[in-house]
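A note on names: the letters A, B, ... follow the listed sequences, proteins ahead of strands, and every chain is numbered from 1.
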Protein chains: 2
Amino acid sequence: MADLKTETPPHLAEPSLREGIELLFYAYRYFTSDPDEILARYGFGRAHHRVLHFVGGNPDITVAELLVILSITKQSLARVLGTLVREKYIDQQPGARDRRQRRLRLTEKGAALEAELSRVQQGRVARAYRAAGPEAVAGCWDVLAGLIDPADREAILRSIRQGKSA
Amino acid sequence: MADLKTETPPHLAEPSLREGIELLFYAYRYFTSDPDEILARYGFGRAHHRVLHFVGGNPDITVAELLVILSITKQSLARVLGTLVREKYIDQQPGARDRRQRRLRLTEKGAALEAELSRVQQGRVARAYRAAGPEAVAGCWDVLAGLIDPADREAILRSIRQGKSA
DNA sequence: AAGATATGTCAACATGGCTGACCTAAAAAC
DNA sequence: GTTTTTAGGTCAGCCATGTTGACATATCTT
């Protein structure tokens, strides 16, 4: 017999956990599907999207800050960022106080692509929000936030809220 | 002035959509982080995890059914599945009615690894559920389900519910 | 017997991670 | 003012995991 005191409540039972895990797997696939399609037309991948997204949301971000957000190495970033800079989607300017820094911003061209990607991705999310209703959305945010390591949670939520993803 | 009739309700405003998108991005990263760590110790990757997961949840699944779930090519699947079969994490048996099929099941060794991976992933999800509460979980599921293309939604939800992911 | 289907396999390629080593320019510390 | 640290870039190579295309085999269906 299960120990009643520590027994898993119904909504935490294993089947429900498995269902939630699979749902997140499928949902994430669709979540990235629309941008992926557009990116392919530009010869870009998901990595380019992430850079465009976070540079767009954090104008004048430094490379180091971007690396923290993306949690990748500078060599990995260099490949996609280099392309975006060469093809003039992103502009680099030396930092005002620290001229070693390359502060990143979207060019007009970059902002246009980012907007195109945002539009379809936000469209999908907006439809999901609308269908589920505001309380569901609030609940969803709570659950998703709960998946983040407690040690990192507050910093990440802060950065999301400010649109300052550093 | 915005047209009141089609004005985006507050919870659908652009900033909130952007926040939701970023939250999903971060949450998914943590969602996969614990299994990834374990898999690395076995020389496996995320692709192996997916196969172990869906074979575990769908004993005697066929290769064709697994391909539909994973949405990858059979060549991609062959690489990871081949390894898992060779290293005896997964067992193949000809179908009873159709002997062309290779029905897949976890071996004991495979079930043990799958359980180890499930344990940490379910642990993280369970903590998030517990912190957010049952209503939030229900809302979360609604939103995530809403991200799935309507054309595929019912089939996917059915497959999740049955634990028959085909 | 012929054709369709389930699966496997070979070869080649792309993306996007990684490590390690090394370079420059600018800031900070001594 | 020299040294050290820091921000960033770059080269080379490796790995995981996706792709396409072509082809082989066994088995089921017609």
So, are B:Arg124 and A:Asp149 salt-bridged, with charged N and O less than 4.0 Å apart?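 Salt bridge between B:Arg124 and A:Asp149, a charged N being under 4.0 Å from a carboxylate O: yes.
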Could you tell me the separation between the [atom1] atom of [X] and the [atom2] atom of [N], rounded to a whole number of Å?
X        : N      : atom1 : atom2 : answer
B:Leu70  : C:dT7  : CG    : C1'   : 16 Å
B:His49  : D:dT17 : NE2   : P     : 12 Å
A:Asp36  : D:dT17 : CG    : C1'   : 14 Å
A:Leu67  : D:dT6  : CG    : C1'   : 14 Å
A:Leu104 : D:dG8  : CG    : P     : 8 Å
B:Gln101 : D:dT25 : CD    : C1'   : 16 Å
B:Arg86  : C:dG8  : CZ    : C1'   : 12 Å
B:Leu84  : C:dG8  : CG    : P     : 13 Å

Parallel, tilted or perpendicular: which describes the rings of B:Tyr89 and B:Tyr42, with under 30° parallel and over 60° perpendicular?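 If you compare the ring of B:Tyr89 with that of B:Tyr42, the planes turn out perpendicular.
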Classify the ring geometry of A:His53 against A:His49: parallel below 30°, tilted from 30° to 60°, perpendicular beyond 60°.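 Because their plane-to-plane angle is over 60°, the rings of A:His53 and A:His49 count as perpendicular.
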Are any side-chain N or O atoms of A:Arg153 and backbone N or O atoms of A:Ala145, one a donor and one an acceptor, separated by less than 3.5 Å?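 Present.
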N/O donor-acceptor pair under 3.5 Å between B:Gln121 side chain and B:Phe31 backbone: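 Yes, the answer is positive, given that a donor and an acceptor are paired below the 3.5 Å cut-off.
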Each nucleotide of nucleotides 15-20 of chain C classed B (base within 4.0 Å of a protein heavy atom), S (only sugar-phosphate) or -, in 5' to 3' order, makes -BBBBB
I need a per-nucleotide contact map over nucleotides 24-30 of chain C, read 5' to 3'. Cutoff is protein heavy atoms under 4.0 Å; write B for the base, S for backbone only, - otherwise. --BS---
Using side-chain contact (heavy atoms from CB on, under 4.5 Å), reason through A:Ile148 and B:Leu23 one step at a time and then give a plain yes or no. CA-CA 9 Å; A:Ile148 299 172; B:Leu23 186 52; 3.9 Å; yes
Gap separating the CD atom of B:Glu116 from the CG atom of B:Leu39, nearest 0.5 angstrom: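 These two atoms lie 9.0 Å from each other.
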Checking side-chain contact (heavy atoms from CB on, under 4.5 Å) between B:Glu114 and each of B:Leu106, B:Val55, B:Ile90, which is the one that passes?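 Looking at B:Leu106, B:Val55, B:Ile90, the match for B:Glu114 under the side-chain contact (heavy atoms from CB on, under 4.5 Å) is B:Leu106.
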Check: A:Asp152/B:Tyr30 side-chain N/O donor and acceptor closer than 3.5 Å: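 A donor-acceptor contact under 3.5 Å links the two side chains.
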